[in-house]
Amino acid sequence: MTFGALLHGSGGHIAAWRHPLSPPDGQLDLPFHIRLARTMERGTFDALFIADVVAIWGHDLDSLRRTARADRFEPLTLLAALSTVTERIGLVATATTTYNEPFHIARKFASLDHLSGGRAGWNVVTSVVPLEAGNFGRDTHLDHALRYRRAEEFVDVVRGLWDSFDDDAFLRDQKTGIYFDEARLHRLDHRGKHFAVTGPLNIPRPPQGRPVIVQAGSSDAGRALAASVADVVFTHHPDLAGAQAYYADLKARTQAAGRNPDEVVVLPGLSTVVGRTISEAEDKLERLTALLDPRVALADLAYWLGGVDLTAHPLDGPLPDLPPSNQSRSAQRHIVERARAGGLTIRQLAHQLARDTRTIVGTPESIADHIQEWFEGRGADGFNVVFPYLPDTLDDFATLVIPELRRRGLFRTEYTGRTLRENLGLSLPPSRWSAVQARSLR
């Protein structure tokens, strides 16, 4: 079983920064991040993951000023720092293909892979937060489908740049004065619809061959991209049946794309609040939920619905019909289906969404039961765990749930590899040039 862990300031819940056991300035507290990363590594998590948007997260300032979404470290900078104080845990950062260039991303993640000894991962996203567009000279995002087509070419260029040098290209022979073998250097010379990149990259091939690629698409376009390029897929499902259908569909798409389905790790999101009794766990969540400002809950709902304006509709009335989102269409669809199925008002939906359908509240045994059911039921290869408030919910998971999973033989007791690929059970990808050279020798 595989576990990722979201490293998110004071916690994943939107009111976490107000919790008396969480630091309100956790987003910019490096010693706090180091403490969390080391706890995750002691728990033998496969990777820690940092989400990101290239903007403040929200345009309603009255709501935004009541959240911890206006400040955060740039993820790769933070992970470079964490690479020096950890040894085995993978380091995954979000970087958008919509507002970056392939050469920059290839160089940064190759650098992180070298700094960490082969533990880097790139969470590929196509930007969804509306304010990101304005920071890069656009009034709105590119169309949803166009963003994904651009992303597919972007990832192909980055992977090509990572193969610029053969693994043994750098000789650094002081006697002969030859630093690298020019025959083992390859220019990319990419000319595509969206990018023109000459190459080569100015850093040796990463220790993992290519840093692990993570993708979180649930729409049809997102699934197609994941099936073609992803090593790890983040997803979100409120029930096991939905998770099983997604899992089967993605594995089938991966095989149709000519890839080994076992080389794509599917990780649904999971948020946990653990108590030694059910009542203790429920009390923890109630105390956190009580800190949520209703204005923040409503603004958060509007964001996940695609940035729609709900102020003209009565809070105690039904959710109106909505235009298709140009942000996350799968998120919008899940929320609308939830509202319709439960007959929820806008107010009720906002409160439920703030709790997060991924949140499991229970004892170590009941949470382990849930994890085991999804894993053995082929709804997941593991989970990407979100901790509602930090550090307590992480500490509880690491000290109470993980030992129970180990007792059941479901999770490792120690790391078996040194790189992220090794710990995920993924093979080392060959360079695209090695295949070309092999064909030329036939």
Side-chain angles (χ1 to χ4, degrees), residues 1-8 11-12 34-49 82 85-92 118-119 121 212 214 231-235 237 240 243-244 247 262-278 280-281 284-285 358-426:
M1 183 182 295
T2 295
F3 278 119
L6 185 66
L7 187 62
H8 193 341
I34 291 172
R35 180 231 197 267
L36 298 176
R38 285 175 166 166
T39 299
M40 292 170 181
E41 189 163 61
R42 283 196 299 272
T44 63
F45 280 84
D46 291 86
L48 63 86
F49 160 60
L82 295 180
V85 294
T86 56
E87 295 180 356
R88 297 295 185 89
I89 193 167
L91 306 169
V92 180
R119 295 186 284 136
V212 169
V214 182
D231 302 302
V232 176
V233 179
F234 292 157
T235 184
H237 302 284
L240 177 56
Q244 289 169 325
Y247 185 95
D262 293 335
E263 295 257 328
V264 179
V265 180
V266 179
L267 302 182
L270 175 69
S271 174
T272 64
V273 179
V274 188
R276 287 177 170 81
T277 65
I278 292 289
E280 178 187 325
K284 288 181 179 181
L285 182 61
R358 300 171 295 182
T359 301
I360 306 299
V361 182
T363 63
E365 294 77 16
S366 67
I367 290 173
D369 287 343
H370 173 89
I371 290 170
Q372 184 170 3
E373 181 184 20
W374 281 49
F375 177 65
E376 293 182 345
R378 297 185 65 78
D381 294 314
F383 294 88
N384 187 40
V385 188
V386 180
F387 301 102
Y389 61 94
L390 291 165
D392 280 41
T393 52
L394 166 59
D395 292 342
D396 288 341
F397 193 91
T399 59
L400 299 174
V401 178
I402 285 181
E404 176 62 20
L405 294 171
R406 287 171 172 165
R407 187 186 67 78
R408 300 182 188 196
L410 293 170
F411 192 55
R412 66 165 71 92
T413 57
E414 60 184 19
Y415 290 106
T416 55
R418 298 207 67 86
T419 72
L420 177 55
R421 282 190 176 276
E422 289 170 348
N423 286 319
L424 290 173
L426 302 175

Asks: Minimum heavy-atom separation for Ala47 and Leu420, please, with both atom names.
Replies: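 Looking at all heavy atoms of both residues, the closest pair is CB-CD1, 4.0 Å.
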Asks: Determine whether Val401 and Thr272 make a side-chain contact, defined as any pair of heavy atoms from C-beta on separated by less than 4.5 Å.
Replies: no
Asks: Determine the minimum heavy-atom distance between Gly379 and Pro268, stating which atoms define it.
Replies: O-CG, 3.7 Å
Asks: Taking side chain as C-beta onward, heavy atoms only, is Leu394 less than 4.5 Å from Met40?
Replies: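 Touching, per the 4.5 Å side-chain cut-off.
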Asks: Distance from Asp231 atom CG to Glu263 atom CD, nearest 0.5 Å?
Replies: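 The distance works out to 8.0 Å.
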Asks: Quick one: OG1 on Thr44 to CG on Leu405, what's the gap to the nearest 0.5 Å?
Replies: 10.0 Å
Asks: Does Thr363 have any side-chain contact (heavy atoms from CB on, under 4.5 Å) partners at least two apart in sequence or in another chain, and if so, which?
Replies: Ile278, Glu365, Ser366
Asks: Any ion pair linking Lys284 and Asp396 (charged N to carboxylate O, less than 4.0 Å)?
Replies: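 Salt bridge flag = yes for Lys284 with Asp396.
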Asks: Identify the two heavy atoms, one from Ile402 and one from Gly43, that lie closest to each other, and give their separation to 0.1 Å.
Replies: CD1-O, 3.4 Å
Asks: Less than 4.5 Å apart, any side-chain heavy atom of Val273 and any of Pro388?
Replies: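 Touching, per the 4.5 Å side-chain cut-off.
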Asks: Could you check whether any side-chain heavy atom of Phe375 comes within less than 4.5 Å of a side-chain heavy atom of Leu410, counting everything from C-beta outward?
Replies: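 Heavy-atom side-chain distance check passes, below 4.5 Å.
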Asks: For Tyr389, enumerate each residue passing the ring-ring contact (aromatic ring centres under 6.0 Å, His included) test, keeping only those at least two apart in sequence or located in another chain.
Replies: His19
Asks: Could you report the tightest heavy-atom contact between Leu267 and Gly4, atom names first, then the distance?
Replies: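 Closest approach of Leu267 to Gly4: CD1-N, 4.3 Å.
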Asks: For Arg119 and Ile89, indicate whether the former's side chain and the latter's backbone hold a donor-acceptor pair under 3.5 Å.
Replies: yes
Asks: Output all residues satisfying side-chain contact (heavy atoms from CB on, under 4.5 Å) with Thr277, sequence neighbours left out; order by chain, then residue number.
Replies: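 In terms of side-chain contact (heavy atoms from CB on, under 4.5 Å), with neighbours along the sequence ignored, Thr277 is linked to Ser279, Glu280.
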Asks: Please work out which of the three classes, parallel, tilted or perpendicular, describes the rings of Phe383 and His370, given edges at 30° and 60°.
Replies: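 Aromatic pair His370/Phe383 classed tilted.
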Asks: Hey, are the side chains of Val92 and Leu48 touching, using non-hydrogen atoms and a 4.5 Å cut-off?
Replies: no
Asks: Are side-chain heavy atoms of Leu7 and Leu82 found at a separation under 4.5 Å?
Replies: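 In contact.
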Asks: Hey, are the side chains of Leu424 and Val232 touching, using non-hydrogen atoms and a 4.5 Å cut-off?
Replies: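 Result yes, sub-4.5 Å side-chain heavy-atom pair found.
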Asks: With sequence neighbours left out, what residues match Arg38 under salt bridge (charged side-chain N to carboxylate O under 4.0 Å, His left out)?
Replies: none
Asks: What do the steps show when you test Ile367 against Glu404 for side chain to side chain contact (heavy atoms under 4.5 Å, CB included), and what is the final call?
Replies: CA-CA 9 Å; Ile367 290 173; Glu404 176 62 20; over 6 Å; no
Asks: Any chance you could measure Arg42, atom CZ, to Thr399, atom OG1, to the nearest 0.5 Å?
Replies: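 So the CZ of Arg42 and the OG1 of Thr399 are separated by 10.5 Å.
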Asks: Report the C-alpha separation of Thr416 and Asn423 in whole Å, then their side-chain angles, then the decisive distance to 0.1 Å, and conclude whether the side chain to side chain contact (heavy atoms under 4.5 Å, CB included) test is met.
Replies: CA-CA 6 Å; Thr416 55; Asn423 286 319; 3.8 Å; yes
Asks: Restricting to non-hydrogen atoms, name the atom on Val264 and the atom on Asp381 that form the minimum distance, rounded to 0.1 Å.
Replies: O-OD2, 3.5 Å
Asks: I'd like to know if the side chain of Arg35 and the backbone of Pro391 have a donor-acceptor N/O pair within less than 3.5 Å.
Replies: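 Side chain of Arg35 to backbone of Pro391: no pair is present.
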Asks: Taking only residues two or more places apart in sequence or in another chain, which ones pass side-chain contact (heavy atoms from CB on, under 4.5 Å) with Ala398?
Replies: Thr39
Asks: Is the backbone N or O of Gly417 less than 3.5 Å from a side-chain atom of Arg88, with the two atoms forming a donor-acceptor pair by type?
Replies: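 Here the side-chain-to-backbone pair exists.
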Asks: Return the orientation label for the Phe397 and Phe3 ring planes: parallel under 30°, perpendicular over 60°, tilted otherwise.
Replies: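 Correct class here is perpendicular.
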Asks: I need the Leu6 CG to Phe234 CZ distance, nearest 0.5 Å.
Replies: 8.5 Å
Asks: Under the side chain to side chain donor-acceptor pair (under 3.5 Å) test, which residues partner Gln372, sequence neighbours left out?
Replies: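 Expected list: Glu376, Arg408.
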Asks: For atom CZ of Arg276, decide whether the heavy atoms of other residues, nucleotides or ligands shown that lie under 6.0 angstrom number more than 12.
Replies: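 No, not enclosed.
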Asks: Please examine the side chains of Asp46 and Val265, heavy atoms only from C-beta on, and report whether any two atoms are closer than 4.5 Å.
Replies: no
Asks: Testing the basics here: between Tyr415 and Phe45, what is the closest heavy-atom pair and its distance to 0.1 Å?
Replies: OH-O, 2.6 Å
